[in-house]
Amino acid sequence: MNSCPPLRLWFCLILSAGFSACIQPGGQPAVPKVASPPVESMNVLFISIDDLNDWIGPFGGHPQATTPHMDRFAEQGAFVFQNAHCAGPVCGPSRSALLSGFMPNRTGAYGNAHQMLYSDLVQTHATLPEYFAKHGYHTLSRGKIFHAHGTENGFDRGQWAFEDWSEGTGSNRVIRNRLTSRRDQLINGEEQPSPYSRGAGSPFAWGPTQQNTAETRDYQAAQWAADQIQDGFNKPFFLALGISKPHLTWFVPQEFFDRFDLETLEEPPYRLDDLDDITTPDGEMKFEPSNDFLWTTTENLYREATRAYLAASSYADTCVGVVLNALEQSPYADNTIVVIWGDHGWHLGEKLRYRKAALWVESTRLPLMIRLPGQTERQDTVRPVNLVDLFPTLIELCGLPEKPELDGRSLVPLMDNPQRAWPYPAITIRGVDSASVRDEIWSYIRYEDGTEELYHRADDPHEWTNLMHRMTPEAEAARSRLASHIPTEWAEPLPTYPSEWKNRSRGYDETLKASRDLKALK
C-alpha cells in the first residue's frame, strides 16, 4: 500500500466536491489531502457473467463483439483490469476461491465436483457475502454466484451465504427445428450423423429461443435486481447478480444472432500444428484436438459457433444493461461500487478446442472491471491480478475490518495508480501440482506429470510457440522466476458428492444455512 489515503476516502470526497477537481494533468486521479473526510457506507453491486472471456469491447478479444452496455460502463469511468486471471480454470474452483478468499491449493476445491463447504478453511471463515452480512450489510442474490452442488438434503446453490436469495424465473427453451447440437447430431434442426458426438459436460449446442428476451431467465434475473434497487434499502447492500450466458448452451433470442452477419464475421485464429510442441517428459504429445473442434471444423460450423458465442455474450450485455440503467436512475448511483467479472476464460477454437478447464491464456484470462462512485474516466492496467483479490479489495474499499488470512491482495494500490510497480504474477491452478503463472510478458505452465510450457506473450499473444524447446538465457530466467511462484503445499482434493445426489435432489438444502454461525465465523 502506498502512502496515499485509501480510495474509499477519495471517492467519498468526490461525491461532495465533484470529480473534475480531482484530475491531474494527464488524466490521473489525484488523491485529495484531507485529514478526516466523512465516510459514507458504500453499497456493492456484484455482477458475475458465466463463461465470459475477453470478447467484449473494453478487452478487444473479438473486433466485432457487440456489448454496448459494458463498453459504456468502461468508457464513462471504470478500472479495467486487462490482465486478470482466475484461480481455477473452471466454474467451481474459480468461484470457490473468489468467494472464500482462499486458493484451490489451500482448500482442496480443484474441480466442479469439490464442494467448498467441506474445506476446513471455509468451515471456519466467512465467505465474501457472509463477511459483508457480518458487518452490517443486507446481502441478496439471484442467478449463479456460487457453483451448484447436490447434497443429501437438496440442491446447494449458495443460498446459505445470503440473507435474501432468489431462485429465479424465466426460460431459454430452444426452437427445436433451429437447434444445432453436437451431442444430438443436429445442424439447424436437421439430422447430421457425426463420429464426434460423444463427450461429457454441457451440450455443445446453440439456437434461438422460443421465448422473447423479456421472458428469458437472465433478463428476468436482471430485472429482479433492478427492482430491488428501485424498491430501496434501509441499510447498505451487497447485491450479487449472476448472469448465466454465455455459458453453454447458447440458447438466446433470435435478435442477438441477427446482430452478426456470417458472411463478414471474423474467425478466431488457430494453427493446426499448435499442439505439436507440447510434449511430455517422455516425448509424447500431451494434447490432441477436442471433439468440439473436430466437429465444428469438419461440419464447417466454425463461423456459426463464433456467432453463437458472440450472440450469447451480447445477450448477457443486454441483461447487464438493465441493472446498470436502474442503478443510474436510483438514489444509490453515487454510493455504490460496481464490479463486473467473468469467472474464467473460454476457448473458441484456439489450441484446437472449445470450452475451458485448461491452463492456456484463453482459459485463464477474464474480464474484470470496477467502478467507484463519482468515477468518470476509464483507467486501464496491464498488471497481473487474480479474482481471489476481489475479497480483500472490496472489504478495504468499504471500510470493513481487514482479513489478513486471505490469499488475495487488495487491488486498491493499483486503483490509486494503475501504472505502479506490481511484482505479483497471476496464478491459476488446475489440480494438484498443475498450475500456470503469468506476468505482463511471460506465461509459464507446469503439469503434474512434469510437462512444461513457456511463452513470451509480448511477442506471441496466442501462445503458439512453446519456448521449452528453444531455451535462451532470457527464457530460462523467466521460467525459473515464474516457476518459483507455483505453490509447494497442496491440500488434498475435497470429497466429491455422489452423482445420484444431484440427480435425485429436489428443492434446496435448508440445513446448510443453519450450520453457518456468522458470529463464530472469522
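Not measured: the values here are computed from a predicted model.
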Inset, instruction - Just do the side chain to side chain contact (heavy atoms under 4.5 Å, CB included) check on Leu390 and Ile370 with the steps written out, would you? - result: CA-CA 10 Å; Leu390 282 180; Ile370 302 175; 4.0 Å; yes
Inset, instruction - Check whether any side-chain N or O of Gln210 sits under 3.5 Å from a backbone N or O of Val174 as a donor-acceptor pair, and report yes or no. - result: yes
Legend entry - Set of ring-ring contact (aromatic ring centres under 6.0 Å, His included) partners for Phe73, sequence neighbours left out: none
Legend entry - Partner residues of Ala133 under the side-chain contact (heavy atoms from CB on, under 4.5 Å) criterion, sequence neighbours left out: Thr139, Glu163, Leu518
Inset, instruction - Mind listing the closest non-hydrogen atom pair of Ala312 and Val252 along with its distance? - result: CA-CG1, 3.9 Å
Inset, instruction - Output all residues satisfying ring-ring contact (aromatic ring centres under 6.0 Å, His included) with Tyr424, sequence neighbours left out; order by chain, then residue number. - result: Trp422
Legend entry - Non-hydrogen side-chain atoms of Arg355 and Ser290 separated by less than 4.5 Å: no
Legend entry - 4.5 Å side-chain heavy-atom contact, Met42 and Leu372: no
Inset, instruction - Could you tell me whether a side-chain N or O of Asn212 sits under 3.5 Å from a main-chain N or O of Glu215, the two making a donor and an acceptor? - result: yes
Legend entry - Heavy-atom side-chain proximity of Met116 to Thr127 below 4.5 angstrom: yes
Legend entry - Backbone N/O of Asn188 and side chain of Thr180: donor-acceptor pair under 3.5 Å: yes
Legend entry - Whether Asn53 side chain and Trp346 backbone form a donor-acceptor pair below 3.5 Å: yes
Legend entry - Test applied, ring pair (Phe, Tyr, Trp, His ring centres under 6.0 Å); reference residue, Tyr309; option that passes from Tyr315, Trp250, Phe204: Trp250
Inset, instruction - Using modelled atom types only, decide if a donor and an acceptor are shared between the side chain of Thr428 and the backbone of Cys86 within a distance under 3.5 Å. - result: yes
Legend entry - Check: Lys356 side chain, Cys91 main-chain N or O, donor-acceptor pair, under 3.5 Å: no
Inset, instruction - Would you check, one step at a time, whether the test side chain to side chain contact (heavy atoms under 4.5 Å, CB included) holds for Phe59 with Val80? - result: CA-CA 8 Å; Phe59 293 88; Val80 180; 3.6 Å; yes
Legend entry - Contact summary for Ile337 and Pro373, nearest pair of heavy atoms: CG1-CD, 4.1 Å
Inset, instruction - With sequence neighbours excluded, tell me which residues meet ring-ring contact (aromatic ring centres under 6.0 Å, His included) with Phe102. - result: His125
Legend entry - Inter-residue atom distance Glu350.CD - His462.NE2, 0.5 Å rounding: 8.0 Å
Inset, instruction - Sequence neighbours left out, what pairs pass side chain to side chain donor-acceptor pair (under 3.5 Å) with at least one residue falling in residues 219-230? - result: Thr169-Gln220, Gln223-Asp227
Inset, instruction - Quick one: closest heavy-atom pair of Ser443 and Glu463, and the distance? - result: OG-OE2, 3.0 Å
Inset, instruction - Answer yes or no: is there a side-chain heavy-atom contact under 4.5 Å between Leu310 and Ser313? - result: no
Inset, instruction - Determine the minimum heavy-atom distance between Leu99 and Phe391, stating which atoms define it. - result: O-CE1, 3.8 Å
Legend entry - Asn291: partners by side-chain contact (heavy atoms from CB on, under 4.5 Å), with sequence neighbours left out: Arg182, Tyr196, Leu294
Inset, instruction - Locate the shortest heavy-atom distance separating Pro129 from Phe162; write the atom from each residue and the value. - result: CB-CE2, 3.5 Å
Inset, instruction - Would you please name every residue forming a side-chain contact (heavy atoms from CB on, under 4.5 Å) with Pro68, sequence neighbours left out? - result: Thr66, Asp317
Inset, instruction - Just say parallel, tilted or perpendicular for the rings of Phe233 and His138, cut-offs at 30° and 60°. - result: tilted
Legend entry - Interatomic distance, Arg173 atom CZ to Leu179 atom CG [nearest 0.5 angstrom]: 14.5 Å
Legend entry - Sequence neighbours excluded - salt bridge (charged side-chain N to carboxylate O under 4.0 Å, His left out) pairs with any residue from residues 137-147: Asp50-Lys144
Inset, instruction - Test Phe257 against Trp206 for ring pair (Phe, Tyr, Trp, His ring centres under 6.0 Å), laying out the working first. - result: CA-CA 10 Å; Phe257 289 91; Trp206 58 85; 8.5 Å; no
Inset, instruction - Measure the shortest side-chain to side-chain distance between Arg176 and Leu186 over non-hydrogen atoms and say whether it is less than 4.5 angstrom. - result: yes
Inset, instruction - Could you tell me whether a side-chain N or O of Arg378 sits under 3.5 Å from a main-chain N or O of Ala74, the two making a donor and an acceptor? - result: no
Legend entry - Any donor-acceptor N or O pair under 3.5 Å, side chains Thr364, Arg438: yes
Legend entry - Between His344 and Ser363, a side-chain donor and acceptor under 3.5 Å: no
Inset, instruction - Taking side chain to side chain donor-acceptor pair (under 3.5 Å) as the test, write out the residues that go with Tyr455, two or more places apart. - result: Glu453
Legend entry - Backbone of Pro418 reached by a side-chain donor or acceptor of Thr381 within 3.5 Å: yes
Legend entry - Pair Gln254, Asp258: side-chain N/O donor-acceptor within cut-off below 3.5 Å: yes
Legend entry - Pairs touching residues 57-69 that satisfy salt bridge (charged side-chain N to carboxylate O under 4.0 Å, His left out), sequence neighbours left out: none
Legend entry - Glu267 CD to Arg303 CZ distance, which is reported to the nearest 0.5 Å: 5.0 Å
Inset, instruction - State which residues pass ring-ring contact (aromatic ring centres under 6.0 Å, His included) with Phe46; sequence neighbours excluded, sorted by chain then number. - result: Phe238, Trp341
Legend entry - Pairwise side-chain contact, His456 with Trp442, heavy-atom cut-off 4.5 Å (strictly under): yes
Legend entry - Pairing residues for His62 by the side chain to side chain donor-acceptor pair (under 3.5 Å) criterion, not counting sequence neighbours: none
Legend entry - Heavy-atom side-chain contact between Asn83 and Arg383 under 4.5 Å: no
Legend entry - Residues Ser194 and Glu299: side-chain donor-acceptor under 3.5 angstrom: no
Inset, instruction - Output yes when a side-chain donor or acceptor of Thr216 lies under 3.5 Å from a complementary backbone atom of Thr213, and no otherwise. - result: yes
Legend entry - Student check: side-chain heavy atoms of His485 and Asp439 closer than 4.5 Å: no
Inset, instruction - Check Thr296 against Ala305 and note the closest heavy-atom contact, atom names and distance. - result: CG2-CB, 4.3 Å
Inset, instruction - Measure from the side-chain N and O atoms of Arg365 to the backbone N and O of Trp360, and report whether any donor-acceptor pair falls under 3.5 Å. - result: no
Inset, instruction - Please determine, by modelled atom types, if Thr209 and Asn172 share a side-chain donor-acceptor pair under 3.5 angstrom. - result: no
